[in-house]
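Worksheet for the structure shown next.
Residue numbers count from 1 along this sequence. Whatever order the structure lists them in is the order used to number ligands and atoms, beginning at 1.
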Amino acid sequence: MEQHELHKLLDQMTLHEKIGQMTQIPGIFYSGLSAEEMALQPLYSKNILQGENLYKMGSVVAVSTAKAINEIQRQYLENSRLKIPLLFMHDAIHGYKTIFPIPLGLSCTWDEDLVRDVATETAKELRAAGIHVNFSPMVDLVRDARWGRVMESFGEDHLLTGKLGAAMINGYQNAPNGGLNGSGVAAALKHFGACGAAVAGKEYNTVDMSRREFLDYYGKPYEIAIEEEPKFVMSAFNAFNGMPATANEELMNDILRERYGFEGITISDWGSVIELINHRVVANPQEAAALALKSGTDIEMSSGTYLENCEAIIAEDPDLLHYINEVVLKLLELKNELGLFENPFADEVYESEVLLNQNALSLAKETVKQSCVLLKNNRNLLPITDHYQNVLLIGPFAKTQELLGAWRCEGKFEDVVSLEQGMQEVFGNRFLGAYETYDNCPLDVVAKADYIVLTIGEYWDKSGEGRSSVNLELCDAQKELIKTVNKTNKPYACVAFAGRPLALQSVIDDIPALLWAWYPGTQGGVAIAELLAGHDTPSGKLTMSFPRASAQVPIYYNEFSSGRPTSSSPYTNRYQDCEPGPLFPFGHGLTYAKLEYSDFEISNPVITADKSVVISFTVENKSEITTSDISILYIKDVISQAIRPVREMKKWSKVKLEPFERKRIELELELDDLSYLNVKLEQVVEPGEFKIFINDLSQAKFTINY
Ligand code: GLC
């Protein structure tokens, strides 16, 4: 359609139809629900989400497969007056049918290109299934592993989170073969803002922080990712600085639109408009609709509050009509960009060819390998060399195909390669078999084993939305299992499946080698087996600190030093009953290869607006193992007007190193990289000394001056 035709279509719409475009409902409402079934729907104002109103909606959420989507689209267009096709939106945050590692695992690859490719492949499967918008990437900064949704995040660093979020948006929207008019999907950045900072890591809990803290940390990933022009931003459930995000003028307009320059469409979270009543900032649905609308929430997800009340709201405040027209025109333009007016349907044959395609599966396998993090490897127990001819797999996750993690969208367990299957394939007759408990493993098998792989972690459904936990430790049965296997005195290594960092202080001394696999997705078992066998080496580095104990969270690398920096004295920034610092820090990750850093140089010891500083060094792979290496540059502002973190990650590089290969790495710091938000909320670089660290946070490599 031409632009003028879109304007003409807008002019033909009644106000009720315009508000319908700003309403999104679950697809189930098109299934001809009986009165009893409708009564069971946990949605507000269900009574108006039926009859002819169903054919005024703008979009539908949580419907999968081309068949189901086509059925709804067909029914809708047959009954709709103006025949404006529906948008279909869904949550494929780490894959649609081919499932990739959970985003927290993806972030440990530190690889923007890889994350973009994952998004491109996900978009291709989504569009083949008829889905046009993906509620992804989630770029909420996280520092508290009690929050179950850390699995959806890219970790505790705002720059890395923003860059990976931007890469994902690029992969979704600018997909090769035609972008949104081809195999691309619109991205919805979420959840604005700062829901990762919910007090005590408790789901849906309140967030309260200084504007400076938000702008310098929790909002920064949005500021960076919005440069990639996501089509949507989703508001968060939580209250932020005194107002629920969905009705928070400061967030949704001042910061998101004025400061960050977001020009797309905002959408509430599931029912977060009507939940304003629960926040007790409004007394009824009419007030909820009015407050959310006037605060800049364009689309209401999964409730009929807008549809039921906005005509009366606009009658009282006609100036709102201009804003309504703006929002609806953006929606018509997006539907046009997606090509929906010409072809609103998905092709079921094409869908069957695309889902679980070989390219997606091989990318998924490679991504698992780069997202796993080797946390410990005493005596180089990993990889499991040919010296070991009888490898036994034990543990609660040894046989399961439930390796997809939360938010698995259309991912099916039957498509997953379990660790048992993977080890069977990779170790062949060296593999003795898999047993879910030590007790059901025959004694002669244990006796024959010369190496044990032990699976530990948390069940996949213990992470995700509504999964905040107070206890981050392994369950007692797994603690027992570790002790039992340890007593066999056989060489062994642990593979951990989890959606979050766990608190391992009480068991870590009994674990000689530990590979953290997160929730790896469809290709998990074979990719992990290949890492265990040494076909490839782990190369991931942690993006979220691992606490020693559950109560040690929130814990993060870029903390402030306080007036009594942590030391052995009890009268410093520490706990009396817990060793200081994380068990495994941000940036930690081992490899099977032997890497050596040397020849550190700095281009100039003084940085100015016109003269950047280049830090260079050589990384040498002194082994016969091909590996990737992630080098991370941190700064420390020695003296600043306002407090600054003890370390600030500013640059990183990732290179592949063939056996015995050396590469020269160059990381460039520009003056703006040294800036921060001072107490007057000015982005400034203050004159003085800055320490430069490469990977090792204890030893500065250089000092530069500004
Ligand atoms: C959920 C989540 C959000 C998701 C939405 C639609 O409650 O908070 O991340 O995109 O509803 O499923």
Looking at Asn134, Asp269, Asp91, the heavy atom closest to atom 8 (O) of ligand 1 belongs to Asp269
Logged contact type for Met89 with ligand 1, heavy-atom cut-off 4.0 Å, is neither
Checking heavy atoms under 4.0 Å, the part of His191 that sits near ligand 1 is side chain
Residue pair Gln24 / Ser59, side-chain donor-acceptor N/O under 3.5 Å: yes
Q) With a 4.0 Å cut-off on heavy atoms, does Met138 reach ligand 1? A) no
Note to self: Treating Asp140 as the side-chain partner and Gly196 as the backbone partner, does any N or O pair qualify as donor plus acceptor under 3.5 Å?
What the structure shows: no
Okay, side chain of Ser463, backbone of Trp460: is any donor-acceptor separation there less than 3.5 Å? no
Near Phe237 (heavy-atom distance under 4.0 Å), the atoms of ligand 1 are 7 (O), 8 (O)
Ligand 1 atoms nearer than 4.0 angstrom to some heavy atom of Lys190 are 3 (C), 4 (C), 9 (O), 10 (O)
for atom 7 (O) of ligand 1, nearest protein heavy atom and its distance come out as Glu465 OE1, 3.0 Å
Is there a ring pair (Phe, Tyr, Trp, His ring centres under 6.0 Å) between Phe240 and Phe192 once you walk through the steps?
-> CA-CA 10 Å; Phe240 176 81; Phe192 198 66; 8.0 Å; no
Take Glu308 and Thr305 through the side-chain hydrogen bond (donor to acceptor under 3.5 Å, both in side chains) test and state the conclusion after the steps.
CA-CA 5 Å; Glu308 192 171 49; Thr305 320; 5.9 Å; no
N/O donor-acceptor pairs under 3.5 Å from side chains in residues 159-167, not counting sequence neighbours:
unit_1: Thr161; atom_1: OG1; unit_2: Asp157; atom_2: O; d: 2.8

